Amino acid sequence: MPSKRVLVAAAVAAVPVLLIALQIVASRNGFEGPLQSLWADYAGTPKSVSVPWAGLALALVGLSWRRRFVTLGIALAIDVVFAVVRVLLGGSVTIGNGAVIALTGLALVAWFGWEGRDRRNALHAAALGALLILATKVGDVWLHVTVMAGPDVLDRYVLLADHAFGQPSWLLGQAIDALGPVVYAVLHWVYIELPVAAMVVAAWQLRRVASTGVWPSHYLVRTFLVLGLVGPVVYVLFPVVGPMFAFGPDGHGLQIGNYWPQIVPPLDPAPGVLPFDDVTPRNCMPSMHTAWATTVFLHSRRAADGSPAPRWLRWGGTFWLLATLTATLGFGYHYGADLLAGAVLCLTVESALRAPERGWDRTRIRLVAGGAALLAALLLSYRFLAVVIAEHPIPAGLVMLGAFAAYVWMFHTTWFARSPQSRTADAQALHAR
């Protein structure tokens, strides 16, 4: 078995290779690549305001309070200078350069100037912050890859399968229209600022790292990053664009009709693939917003030692999950089937990563294998049993939701029904037999 240090070195070396490869793909196909986007963060107009600052905030957990204030002050000063110069040159009013530059400077200062625990904590935290930023760059490129890989989409099949769930996108789309612009604005902000919620939960989980030098065995960022690696692969295998594109006014003339959200399309007894444009990402199945928001919810329940999280964090995690689910459906970005697949994916990945000290006992293997099997069964059902599901929506819905409820019960029983101490003791007893 290779040592942990060798694995870390290999992972670090793989990052620039991946970025260069994706940049080559992007340059050859005429869209912005990750290296171009990174350069804009350093010296141009950042694509996102919140992501660079979320990355820096995550990096600050590895610093003492004095160093946090110094780093934050430097980042703010750089951002102000960049923003003023940009506006004077006729550019947009935005920020983000200072956070990326300060994060890079922090890593360099820690690498060359600090020693011992301070150096380890700072580099560990800076790596997490950088990975959060880089993951968004890779994700942006992957959305273009889904278009290149999937000229045809499977929305006709998913629409039929969604009969089993009551077509929630149509219902919530009408509800959001009726509730007015304030509700829309709040939900839209929650939807696009998911990294901020993740940063808040992760910062709380890692709040004692700088003082103790001890990192939790598992925390939100690990699940977030693994989901970002695994989930988008399904986009290529199961390309779907969503109701507002395939059945709404944003389909660039290729939509089946302008149905969403007023009218549910009639049952199609002979569905087929739908040729679509070369612009809209095929990023619906599974709903990664659902997977990530579910991760935020799970990690806002308890601290690493099993103690309950503060009430404000628990309520915040619950609100973010519910608001994200409402937005994904109500904005026409997803079908209910997408959300179910995203939730199963989240629980499966979380089961593989949670409590690593427990090892791969039979319970963990059953959970991960069961989650993978359930996700595969859902996808195959959406594709090959869509007409049967639409013709018998109630029994089909009961089967799919019942299977999901059973998996949720297994997940809760394993990871939340008992304390981490009792689970660890059980695992040790099992290994001793």
Side-chain angles (χ1 to χ4, degrees), residues 143 145-173 231-261 263-291 328-329 331-345 372-404:
L143 294 181
V145 172
T146 65
V147 177
M148 296 161 53
D152 299 327
V153 298
L154 303 177
D155 286 73
R156 283 193 173 110
Y157 297 95
V158 183
L159 174 76
L160 292 178
D162 234 34
H163 276 63
F165 309 118
Q167 299 294 351
S169 182
W170 269 257
L171 294 174
L172 286 176
V233 174
V234 185
Y235 293 165
V236 177
L237 302 175
F238 206 108
V240 180
V241 291
M244 70 178 295
F245 298 102
F247 298 97
D250 292 329
H252 304 120
L254 297 172
Q255 67 268 33
I256 295 173
N258 291 332
Y259 293 102
W260 187 87
I263 304 171
V264 176
L267 179 64
D268 184 355
V273 297
L274 174 66
F276 219 69
D277 60 31
D278 57 358
V279 176
T280 308
R282 280 64 162 155
N283 63 336
C284 284
M285 183 67 75
S287 168
M288 293 307 298
H289 264 78
T290 298
T328 56
L329 292 170
F331 294 161
Y333 297 153
H334 287 281
Y335 304 90
D338 307 336
L339 273 63
L340 188 62
V344 172
L345 176 65
L374 178 57
L375 178 60
L378 289 173
L379 296 178
L380 291 172
S381 297
Y382 299 159
R383 174 62 179 83
F384 297 106
L385 298 176
V387 174
V388 176
I389 291 173
E391 292 175 345
H392 308 281
I394 295 179
L398 290 176
V399 169
M400 289 188 286
L401 293 176
F404 174 66

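Residues: numbered from 1 along the sequence shown. Predicted, not measured: the structure shown is a model, and the values here were computed from it.
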Do you know the tightest heavy-atom contact between [X] and [Y]?
| X | Y | result |
| --- | --- | --- |
| Met400 | Ala164 | CE-CB, 3.6 Å |
| Ile389 | Ser381 | CD1-O, 3.8 Å |
| Tyr335 | Ala246 | OH-CB, 4.1 Å |
| Pro265 | Trp170 | CD-CZ2, 3.5 Å |
| Pro275 | Asp152 | CA-OD1, 3.3 Å |
| Pro286 | Gly231 | CD-O, 3.9 Å |

Side-chain touch [X]/[Y], heavy atoms, less than 4.5 angstrom:
| X | Y | answer |
| --- | --- | --- |
| Val387 | Pro271 | yes |
| Ile256 | Arg156 | yes |
| Pro151 | Asp278 | no |
| Pro168 | Asp162 | yes |
| Met285 | Leu237 | no |

Between atom [atom1] of [X] and atom [atom2] of [Y], what is the distance when rounded to the nearest 0.5 Å?
| X | Y | atom1 | atom2 | result |
| --- | --- | --- | --- | --- |
| Asp338 | His289 | CG | NE2 | 13.0 Å |
| Phe245 | Asp250 | CZ | CG | 5.5 Å |
| Phe384 | Leu379 | CZ | CG | 10.5 Å |
| Tyr157 | Asp268 | OH | CG | 9.0 Å |
| Leu375 | Leu380 | CG | CG | 9.5 Å |
| Tyr382 | Leu160 | OH | CG | 13.0 Å |

Go through the steps for Val273 and Val153 under the test side-chain contact (heavy atoms from CB on, under 4.5 Å), then give the verdict. CA-CA 6 Å; Val273 297; Val153 298; over 6 Å; no
Run the side-chain contact (heavy atoms from CB on, under 4.5 Å) test on Leu401 and Phe165 for me, step by step, so that the C-alpha distance in whole Å, both residues' side-chain angles and the decisive distance to 0.1 Å come before the verdict. CA-CA 9 Å; Leu401 293 176; Phe165 309 118; 3.9 Å; yes
Any donor-acceptor pair under 3.5 Å from [X] side chain to [Y] backbone:
| X | Y | result |
| --- | --- | --- |
| Gln255 | Gly253 | yes |
| Ser169 | Leu329 | yes |
| Asp155 | Gly242 | yes |
| Gln167 | Leu159 | yes |

So is Arg282 actually on top of Tyr235's ring, under 6.0 Å and inside 45° of the axis?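 Ring-cation test returns no.
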